[in-house]
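Notes follow once the structure below has been shown.
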Amino acid sequence: MKFSDIPGHETIKERMRHMAVEDHLPHAILLEGPCGIGKLALARAFAQYIQCENRNPEGDSCGTCRSCRLHQSMNHVDTHYSYPVVKLDNMNSAPSSEDFYSEWCQFAGQAIYSDIAAWTATFSKRNAKPVIYVAESEQLIRKLAFTSHVSRYKIVIMWLPERLHETAANKLLKMIEEPFDDTIFILVSNSPAEILPTIYSRVQRLSMKRLPDAVVADNLMARGGLPQADAMAIAHNASGNMIAAFNLLGNNKETKTFFDTFVSLMRLAYMRDIRKLREWAEDLAALGREVEMDFYDYATRMIRENFMLNFNRPALTYLSTTEQAFASKFARFITVGNVEKLIEVFTNARRDIGGNGNGKIVNLDVAIKTILLLKQ
């Protein structure tokens, strides 16, 4: 993995280059920030840059030396990976990362964006919570006791230290407090507030921000061939999380269903067609509770976007091409007088559906209230 493979985060990359070139490398570094922005990939790129035999002081690792080739195959003898795992039913003792290394290589080998849900899905025991067990810390102590073989530094990349078992965390603390001179820990966290405070206080923190919408949109256009307006709409809704953006891209069929359902509600409410609105309520209820809740999230977003469009704020509006075409005529109906009330109606409906409310009744109530509010 090279810096150039990872979109964005140029300031963090420059700090990493400076640390490596000036040989001012802390024994423990924490990359912290939201999920889906490429932290694990950047940790891998940093490790490869540190250990590269021909790195560019102002650029990247060479990608061709022996060390870089070993990194690309995830077989560098001086780079160790530590990550949460699950104790399977056939295991007699607590597992360590080594027990799942082939699965890890498939999961993280070429991926720039990773999340715990996707990693958990690789286990046969899906309902278990992945944890870094004490066996992991004991194994790391044994590995790090040996001198480095190929490179000057031994590097441990630990993904999600907030999932350390308490005993494992205390053992890791001892390694960080009394490190070997040739050892560097690179921790990667989505939830730094959950890390053991004594560990958190002893690491040098590099805070990574969410990806800009433009970076996410460019990635979506390159991957999915989307028009710019559609890519920007998905990027905005993903809040800088590339994994969420890819999920939204894969849910285009569901999004179209939500769009059609929303348009139908607004048109029937405008015409005050109670009979067809009753059918609309039943059809939506038939889709299931989770889909109903997601629809009301979508409807809330559409109301907000149309309100911004009505008040001539197109730069703050993120709609797909199809949504934009509808909004060009519909937005004038979302005003100061009804925007908050409509959002409240949809928000309450989502809450009631989630609380096992009768979908047909809740949806029909939404339809009737929408009739009244569109006239305000």
Ile141 side, atom CD1; Leu172 side, atom CG - distance, nearest 0.5 Å: 9.0 Å
Please evaluate residues Glu136 and Ser82 with respect to the criterion side chain to side chain donor-acceptor pair (under 3.5 Å), reporting the C-alpha separation (whole Å), side-chain torsions for both, the decisive distance (0.1 Å), and the verdict. CA-CA 7 Å; Glu136 182 76 15; Ser82 178; 2.9 Å; yes
How about Arg289: does its CZ atom have over 12 heavy atoms from other parts shown lying under 6.0 Å from it? yes
Think Lys154 forms a cation-pi with Phe180, using NZ or CZ under 6.0 Å from the six-ring centre and within 45 degrees of its axis? yes
Phe262 and Thr257: side chain to side chain contact (heavy atoms under 4.5 Å, CB included), yes or no, with the steps? CA-CA 9 Å; Phe262 180 82; Thr257 299; over 6 Å; no
Test side chain to side chain donor-acceptor pair (under 3.5 Å) applied to His71 and Arg66, Gln51, Gln48, the passing residue: Gln51
Check step by step if side chain to side chain contact (heavy atoms under 4.5 Å, CB included) holds for Gln204 and Leu30. CA-CA 6 Å; Gln204 181 165 324; Leu30 173 66; over 6 Å; no
How far apart are the C-alpha atoms of Arg304 and Leu309, what are their side-chain angles, what is the distance that settles it, and do they pass the side chain to side chain contact (heavy atoms under 4.5 Å, CB included) test? CA-CA 9 Å; Arg304 289 192 181 113; Leu309 194 63; over 6 Å; no
Test salt bridge (Lys or Arg N to Asp or Glu O under 4.0 Å) applied to Arg301 and Glu323, step by step: CA-CA 11 Å; Arg301 179 180 74 82; Glu323 292 168 343; 2.9 Å; yes
Arg278/Asp273 salt bridge by N-O under 4.0 Å criterion: no
Are Lys276 and Glu279 ion-paired here, with the side-chain N under 4.0 Å from a carboxylate O? no
Is the closest side-chain donor-acceptor distance between His76 and Ser67 under 3.5 Å? yes
Given ring-ring contact (aromatic ring centres under 6.0 Å, His included), test Tyr298 with Phe259 step by step and report yes or no. CA-CA 8 Å; Tyr298 175 84; Phe259 171 74; 7.3 Å; no
Within a reach of under 6.0 Å around CD of Gln228, are more than 12 heavy atoms found that belong to other residues, nucleotides or ligands? no
Parallel, tilted or perpendicular: which describes the rings of Phe246 and Tyr113, with under 30° parallel and over 60° perpendicular? perpendicular
Whether Trp104 and Trp159 hold their rings parallel, tilted or perpendicular, with breakpoints at 30° and 60°: tilted
Determine, for Glu138 against Lys143, whether the closest basic-nitrogen to carboxylate-oxygen distance falls under 4.0 angstrom. no
Would you indicate whether Glu58, at its atom CD, is surrounded by more than 12 heavy atoms from other residues, nucleotides or ligands within a distance under 6.0 Å? no
Mind telling me whether Phe107 and Trp119 have parallel, tilted or perpendicular rings, with 30° and 60° as the class edges? tilted
Can a donor-acceptor pair be found between the side chains of Glu292 and Asn363 at a distance below 3.5 Å? yes
dist Leu342:CG -> Phe307:CZ (nearest 0.5 Å) comes out at 11.0 Å
Quick one: are Val77 and Leu70 in side-chain contact, heavy atoms under 4.5 Å? no
Just verifying a value: how many Å separate Leu206 CG and Lys39 NZ, rounded to the nearest 0.5 Å? 12.5 Å
Counting only heavy atoms not in Glu340 (residues, nucleotides, ligands), do more than 12 fall under 6.0 Å from its CD? no
Using distance alone, with no hydrogens and no angle criterion, decide if Tyr200 and Glu32 have a side-chain donor and acceptor under 3.5 Å apart. yes
For the residue pair Arg350 and Phe295, would you count it as a cation-pi contact if the rule is NZ or CZ under 6.0 angstrom from the ring centre and within 45 degrees of the ring axis? no
Heavy atoms of other groups near Tyr270 OH, more than 12 under 6.0 Å: no
For Gln106, look at atom CD and say whether over 12 heavy atoms of other residues, nucleotides or ligands are found less than 6.0 Å away. no
Do the non-hydrogen side-chain atoms of Val156 and Leu140 ever get within less than 4.5 Å of each other? yes
Please determine whether the number of non-hydrogen atoms from other residues, nucleotides or ligands lying under 6.0 Å from atom CD of Glu166 exceeds 12. no
For Asp5 and Phe3, run side chain to side chain contact (heavy atoms under 4.5 Å, CB included): C-alpha distance rounded to whole Å, both residues' side-chain angles, the deciding distance at 0.1 Å, then the answer. CA-CA 5 Å; Asp5 295 327; Phe3 288 141; over 6 Å; no
Taking NZ, NE, NH1 and NH2 as the nitrogens, is one of them in Glu178 or Lys174 under 4.0 Å from a carboxylate oxygen of the other? no
Would you tell me whether Asp181 and Tyr153 have side-chain atoms, one donor and one acceptor, within less than 3.5 Å of each other? no
